[in-house]
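Input: a single structure, listed below in C-alpha cells.
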Amino acid sequence: MVSFRFPFLFSQPPKPPNSANASSRTFTATAAAAALSVAAAGAGIVISQSANKTFILNLLGSDRVNSCTMWGSLSISDSSSSPVTESRTGMSFPAVLRGSQRLLGVGLRRKAVLGLKNIDIYAFGVYADDSDVKEFLSEKYGALSSSELKGNEELKEDLMESDVSMTIRLQIVYGRLSIKSVRSAFQESVASRLHKFGGSDNEELLQRFTSQFKDEYKIPKGSIIDLSRERGYVLRTTIDGKEVGSIQSKLLCRSVLDLYIGSEPFDPKAKEDVEQNLAPLLKK
Ligand SMILES: CCCCCCCCCCCC(=O)O
C-alpha cells in the first residue's frame, strides 16, 4: 500500500458524475462540496484542511476545457490512495503508476471532428516520479512558498526539460477511434511542438514516433496509451500495457509533455492540478 505524505489536490466540477464506475472518492467530495457550497458559493475561494491528503474540487465552471472562466476550489480530506476519476468522462486513474510515479492531474482532450462540435476523445492523467522530482527540482524550488510556486512557469519548464520520469496516460473515451486517426492526430499536434522547440528539420523523428501506431492495433473505448519519459530522455509508448516503441530524444519528450503541461495545454485545468500537486513533492 502506498502512503501519501502530501496534500493531493484535484479539480473537479460541481456535478456528480453520471458514470457508474465513478469512485467513492469523487462522490464523497461532491457531497461535501454541496454542504459547503452555501458558504463558498460565488466566492471562488479555496478551503483547505490540514489532512495528510486532500484533493481540490471545482465549484464553478463545469465545462472548463480551453476556458479559463471564474472558478473556485475546495479541498477535501482523503487519506486513501484510491484512484481518481476524471469527472466528465468517468475514466479512472490510479493514484500511483510503476510504484513511484504519482498522479498530479487529470484532464480531458476534446477535438472538433469534421468541423462539427467538439467531442470527448480521451481522458488523461499526468504522473511524475516522486524521488526524481526531489532530485532534479527541490534544490531550486524547494524553499519557495506556495504563492511563489503558484503560476510559476519556470517550474513547469524545468519539469519538462529535466530528466524526471513522467507518464502521460491516455484513456480512450471516443468509441469509434481508428489507429489511423490516432496517428494523424499525433502527427499534427506533436509536429507543431517539434517545430516550436526544434525547428523545421524533424520529419524523420516525427515519422519514427507516429509509425509506432501500427494499423494492427485496435483502440476501443477504455484503451490505454501510456507515453512515458524514462531516464535518459527515452519516450516509451505502450498500448494496453504492450510496448509499441521506444525513442531516445529529449526534443520528442519535451514536445509530448508540452501538449499537456506546456503554454497551450489541451486542458488548462489539468495543468493547474499538476502545478498544485507538484508543489508538495518539492519539499525534501
Ligand atoms: C476523431 C478525432 C481523432 C483524434 C484522435 C486523438 C488520439 C490521440 C492523439 C494524441 C495527441 C492529441 O491529442 O492530439
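Whatever order the structure lists them in is the order used to number ligands and atoms, beginning at 1.
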Item to check | Modelled atom types, side-chain donor and acceptor of Q187 and Q207, under 3.5 Å | outcome: yes
Next on the checklist: So for atom NZ, which belongs to K214, do other residues, nucleotides or ligands contribute more than 12 heavy atoms lying within a distance under 6.0 Å?
Outcome noted: yes
Checklist entry - Does a donor on one side chain and an acceptor on the other come within less than 3.5 Å for Q101 and T167? => result yes
Below 3.5 Å only, please: the N or O atoms of ligand 1 paired with protein N or O atoms, distance on each line.
from, atom 1, to, atom 2, distance (Å)
ligand 1, 13 (O), R109, NE, 2.7
ligand 1, 13 (O), Y122, OH, 2.5
ligand 1, 14 (O), R109, NH2, 2.9
ligand 1, 14 (O), S189, OG, 2.9

Checklist entry - Between Y174 and Y122, does a ring-ring contact (aromatic ring centres under 6.0 Å, His included) hold up when you go through it step by step? => result CA-CA 7 Å; Y174 183 56; Y122 59 83; over 10 Å; no
Checklist entry - Does NZ or CZ of R254 come closer than 6.0 Å to the centre of the six-membered ring of F197, within 45° of the ring's axis? => result yes
Checklist entry - Would one find more than 12 heavy atoms of other residues, nucleotides or ligands at under 6.0 Å from atom CZ of R231? => result yes
